[in-house]
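These notes are about the structure you will find just below.
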Amino acid sequence: MLTMSDDEPDHDLLDFLRQHFQKTSVAPAIPETHVLEGAEYVYDNAIDVALDSQSTIAAAAMIYEQMQKKEYSTKTWSSHELHPQTKDESTVNFIFTLDLLNFSFWSERIEQEERFAVEYKGKSYTGYKSLVAALQRALDEDIPITSSDFWQNEDECTEEVLRHVFRSKTEEEIPLFEERVKCLREAGQVLYEKYECRFSNCIKAANYSAAALVNLLAADFPCFNDVAKYENRKSVRFLKRAQICVADLWAAFEGESYGEFDDIDKLTIFADYRVPQILNTLGCLWYSPQLQSTINSMKMIESGHPWEIQMRGCTIWCVELIRREIKRKHPDAKINAVLIDFFLYDTMKEREAAGQEEIPHHRTRSIWY
């Protein structure tokens with residue numbers, strides 16, 4: 001009986017392994033964000049948040065009709081008065097800076113005139129627009145606020161300079177100022193260490209895949225790693241700002257150049273505090289009496305609380321069902337979760353401006369949204 005010595009290689013095993021690894025190298029794994037599957041898990045296990053199927057179907061019809069009427073497309077992004085218009089690397093840097101800091105603008109002040117607001121070119125801006133205005137104002141003042149080299153230079157990019165950049169026309173300062181400074185410093189360090197101080201190199205590293213870029217942002221930049229633990233699942237990925245950063249690139253560059261992502265439809269909506277608000281207003285999302293009372297009385301809900309996770313997860317899943325209903329009725333519609341999110345957010349802000357906020361948004365203070 002012949003036996004193989006310890007030194008003699010097993011050629012059959014080597015051939016098998018060689019073929020296996022050649023196959024895997026030929027067909028690399030397709031990037032997935034896993035945000036949608038986490039949202040479905042939350043929906044399936046939610047106790048305090050439910051979806052109303054009839055209202056969701058009705059909302060899908062209304063949303064499609066309104067989006068057609070308003071001609072919602074990637075061009076809508078550039079039509080916003082404060083968004084950059086140039087299609088070059090300066091806009092890439094602007095978007096990265098914007099979405100590093102794109103969180104928590106709601107005010108604890110009741111009176112509108114007391115809320116944090118940025119004055120720029122004779123106009124006053126609140127909410128998300130206050131951040132865009134602050135960045136544009138800083139660039140006009142020759143402060144290189146979109147440069148990662150600047151963020152790392154603590155001799156030039158001092159706390160005093162950053163307080164000047166985000167200065168308010170009211171007594172209320174920008175929420176979570178220290179956390180925003182930390183986000184800039186941290187991101188600057190990561191870009192320096194891994195990407196030669198250029199966010200455009202992140203896009204190249206992701207090989208122009210939306211899902212891969214979302215995953216890269218979450219993996220390499222801690223302040224983009226928006227993940228929560230719910231029930232028995234180790235992690236539920238929301239990745240709001242990572243997804244919106246990729247979506248903003250896609251919209252700003254109209255799906256070309258730095259915004260060319262073949263898999264943009266893999267993104268979900270961006271789970272914040274405005275989209276749940278309008279879905280609740282439309283009757284798509286229903287809350288338990290205790291949760292509804294907490295929201296209506298504008299009490300704080302801690303980041304990571306089961307209520308907050310349920311609202312965010314069910315919001316993502318609800319809009320996915322809306323998207324599917326639109327595609328079922330209109331198979332040729334050029335519509336995805338990103339455009340639906342842009343529409344719902346803008347609609348809720350329009351209602352707020354017109355004094356038509358029927359239900360308050362939930363109050364959670366965090367860097368995730």
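Because the structure is predicted, anything quoted here is derived from the model rather than measured.
For the 3.5 Å distance criterion, the side chains of Asn225 and Arg241 fail to qualify, holding no donor opposite an acceptor.
With sequence neighbours left out, Asp226 forms a salt bridge (charged side-chain N to carboxylate O under 4.0 Å, His left out) with Arg312.
Note that Arg233 lies in the cation-pi zone of Tyr41, set by a 6.0 Å cut-off to the ring centre and a 45° limit from the axis.
Under the 4.0 Å criterion applied to side-chain N and carboxylate O atoms, Glu89 and Lys204 are not assigned as salt-bridge partners. Ion pairing between Asp272 and Lys240 fails under the 4.0 Å rule for side-chain N and carboxylate O. Using a 4.0 Å cut-off between charged side-chain N and carboxylate O, Glu108 and Arg365 make a salt bridge. Using a cutoff of 4.0 Å between basic side-chain nitrogens and carboxylate oxygens, Glu325 and Arg328 are scored as salt-bridged. No salt bridge links Glu119 with Arg167; every basic N to acidic carboxylate O contact stays at or beyond 4.0 Å.
Nearest approach of Ala210 to Asp263, heavy atoms of both residues: N-OD1, 2.6 Å. In plain terms, the two heavy atoms of Glu308 and Thr364 that are nearest each other are OE2-CG2, 3.7 Å. Nearest approach of Phe238 to Gly313, heavy atoms of both residues: CE2-N, 3.6 Å.
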*Take Glu352 and Gln356 through the side chain to side chain donor-acceptor pair (under 3.5 Å) test and state the conclusion after the steps.*
CA-CA 6 Å; Glu352 180 192 31; Gln356 296 172 345; over 6 Å; no
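Relative orientation of the Trp106 and Tyr273 rings is perpendicular, given thresholds of 30° and 60° on the angle between their planes. Between Trp307 and His305, the two ring planes are tilted [angle within 30° to 60°].
Side-chain contact between Phe261 and Leu267 is absent, with no heavy atoms from C-beta onward closer than 4.5 Å. Using a 4.5 Å heavy-atom threshold, the side chains of Tyr208 and Leu213 count as separate.
When ring centroids are compared, Tyr369 and Phe103 stay outside the 6.0 Å threshold.
Atom CD of Gln85 sits about 8.0 Å away from atom CH2 of Trp77, to the nearest 0.5 Å.
Screening residues 155-199 for ring-ring contact (aromatic ring centres under 6.0 Å, His included) gives Phe96-Phe199 as the qualifying pairs, with residues at least two apart or on separate chains.
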